[in-house]
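For reference, the structure discussed in these notes is given below.
The structure displayed is predicted, hence computed values, not measured ones.
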Amino acid sequence: MTSAQPGVPALDRLPSGVAGLDTILGGGFFKSGVYIVQGLPGCGKTIFANQMCFGHVAAGGSAVYVTLLAESHARMLQHLRSLNFFDESVMPSRLSYISAFQDLQSEGLKGLMAVLRREMRARQATILILDGLVAAAETASTDSELKKFIHEIQSSAVFHGCTVFLLTSGGDSLHVNAEHTMVDGLIQLEDRLFEARSERAIQVRELRGSGVLRGKHAFSISDDGLTVFPRIESLYTQGPPDSSISRGLTTGVRSLDALTNVGGLPEASATVVVGSTGTGKTTLGLHFLSRCTPEEPGLLFGFFESPGRLRAKAKGFGMNLERLEASGALSIVWHSQSEHMIDQLAHRLLQAVAEGGVKRLVIDGLSAFFEAAVYPERVTRFFSCLVNELRRRGVTVMLTLETRDAVGSVVSLQFGVSGFVDNLFFIRYVQDDGIAKRLLTILKMRDSDFDPGMHELAIASSGISIAGVHAATGDVIPTATPAAPEQGPHMSTNTVRD
């Protein structure tokens, strides 16, 4: 974002009232500016403009919404009533809806301009929406006439201290119209189809006098209106913190902690646990979170197992998640298997981390993030920036990633996962005399020594334990001696096998 020169006062900003948008704009729109908001029908322009109006009047401003439609505003208001920001009590005293269709038809751009000046002056409007710039452009006989109209709007906006937004149905982001060269900013909305799914995006193509987060950013439309999710890799550009390992956080499995020289996972590091279905990835995550305290809170950010199933699974191993949740030591954020936007998930995650002061984090289902990406080429940069931001916040992260092969010794990772994590644990099945057993190997621990051996991972009613070292070749292990049952905080002595 650009800053004002010494001695030169900064221009006043106008909050957009759209969550996440002011971050992209570098602080909001500039007051008394003229902005074009364009996009094809159905991309959200009308909701966008009305959300700004209602937010502005709620903050004490005055707004006028001028349409160039032949029909009344009743239909539009009927749809708006279902949105949470709609407040009928502000109409028409602070928010007015005006149709200038007849004025444009009978008197052209001159008549339309007279309406805009009259409304700015009479209602002391600080925001004015002109919905239907394409109709005004069609009325202009030449580009020069349209440019003159835009210039008159700019002059009136400055004179009356009114910020103006011109809505138009242009959808080609590469095509430049005459009016584009004159306004203070150009906002592009789109709703693009990616095979069977679609995703909305907003792009600030121009904002004079301000640096912006460039490129396209996803947004959603819900009962709250528009919510914008700035791209993680454009928002969090700092690298990982330059600090040495201060201490280790227990994994919740003492025999696993013993395989590392820091007694667990290095603080503020990221660990991915890779394995096929049923190998114990989620269970290991539950062990890690079972050591949460109100002073060191935890968060389980999951996709595949519901909170009820997770609590039941943990209870089967003697872990009382309900007690941790009641004490404020643990939060569970779960997402059903529906369509998600990758940046929306990341912002939801970071918000939960900030609100809970989270220090222990389990993301159970890294593949859900992969599936949410409509641009796969973003994934590596996205996770590098997200993980770096979590490290900067002092969060120790454990991520689970499911592999396709149930039995095998080859680790195949998508999207360069090993590059953006510090530690890599691999759990796989092996067979021993016709019995499937689990084998855990620590493949990587950045800047820390560890036992690189292959160890049997046993899951019993007391939870996970690490047993003997695998000494044979291939995918067959000898009989290993189980470790003694482990006890710890929030683990009961009387348990039921899961």
Side-chain angles (χ1 to χ4, degrees), residues 243-276 278-291 317 360 362 366 387 391 396-403 405 407-413 417-432 435-460 462-488 491:
S243 59
S244 57
I245 298 173
S246 58
R247 68 185 182 108
L249 271 66
T250 176
T251 62
V253 181
R254 287 199 304 269
S255 51
L256 176 56
D257 294 343
L259 302 182
T260 74
N261 74 332
V262 294
L265 304 179
E267 186 179 22
S269 68
T271 302
V272 62
V273 182
V274 183
S276 62
T279 50
K281 302 182 298 298
T282 301
T283 301
L284 180 56
L286 292 174
H287 276 274
F288 179 61
L289 293 176
S290 72
R291 297 305 191 265
F317 295 120
R360 287 174 174 258
V362 171
L366 195 55
V387 169
R391 291 191 187 104
T396 305
V397 190
M398 179 182 290
L399 311 98
T400 68
L401 178 60
E402 186 167 309
T403 58
D405 297 329
V407 178
S409 56
V410 178
V411 185
S412 179
L413 299 178
V417 170
S418 62
F420 59 73
V421 297
D422 305 289
N423 318 308
L424 178 57
F425 292 5
F426 179 39
I427 308 175
R428 62 187 174 99
Y429 283 114
V430 295
Q431 64 88 16
D432 182 20
I435 299 176
K437 295 186 177 181
R438 300 174 181 89
L439 199 66
L440 180 141
T441 308
I442 301 177
L443 298 180
K444 167 187 173 182
M445 290 196 74
R446 186 171 290 162
D447 301 325
S448 178
D449 292 332
F450 60 92
D451 184 342
M454 294 177 282
H455 299 264
E456 183 183 342
L457 183 150
I459 300 180
S462 56
I464 290 178
S465 62
I466 304 299
V469 176
H470 170 44
T473 59
D475 289 331
V476 180
I477 61 172
T479 302
T481 303
E486 302 192 24
Q487 300 294 329
M491 299 186 71

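- In this structure, H287 contributes its side chain and G463 its backbone to no donor-acceptor pair below 3.5 Å.
- Taking all atoms of both residues into account, the shortest heavy-atom contact from G285 to V362 is O-CG2, 3.7 Å.
- Partners of T441 according to the side chain to side chain donor-acceptor pair (under 3.5 Å) rule, which considers only residues two or more places apart in sequence or in another chain, do not exist here.
- No side-chain donor-acceptor contact under 3.5 Å links Y429 to the backbone of S276.
- No donor-acceptor pair closer than 3.5 Å links the side chain of T400 to the backbone N or O of V273.
- Side-chain N or O atoms of K281 include one that pairs as donor or acceptor with a backbone N or O of G275 at under 3.5 Å.
- A distance of 4.5 Å separates CZ of F317 from OG1 of T283, quoted to the nearest 0.5 Å.
- The CD1 atom of I466 lies 11.0 Å from the CZ atom of R438; values are rounded to the nearest 0.5 Å.
- Closest approach of R391 and F420 over heavy atoms only: NH2-O, 3.2 Å.
- Taking every heavy atom of both residues into account, R360 and F288 meet most closely at NH1-O, 2.7 Å.
- Closest approach of R446 to V421, counting heavy atoms only: NH2-O, 3.2 Å.
- S269 meets the side-chain contact (heavy atoms from CB on, under 4.5 Å) test with L265, P266, T271, T396, D422, N423; sequence neighbours excluded.
- One finds the CG atom of L289 at 10.0 Å from the CG atom of L284 (value rounded to the nearest 0.5 Å).
- Contact annotation: the side chain of R428 approaches that of V430 to within less than 4.5 Å [non-hydrogen atoms, C-beta and beyond].
- Pairing each heavy atom of V272 with each of L424, the nearest pair is CG1-CD1, 3.1 Å.
- Side-chain contact between L399 and L401: absent, with no pair of heavy atoms (C-beta onward) separated by less than 4.5 Å.
- Closest non-hydrogen pair, T251 versus G264, comes out as CG2-CA, 4.2 Å.
- Here E402 contributes atom CD and T282 contributes atom OG1; the two are 8.5 Å apart, rounded to the nearest 0.5 Å.
- Atom-to-atom distance recorded for L256:CG and I442:CD1 is 5.5 Å, nearest 0.5 angstrom.
- In this structure, the separation between OG on S465 and CG on L457 is 7.0 Å, given to the nearest 0.5 Å.
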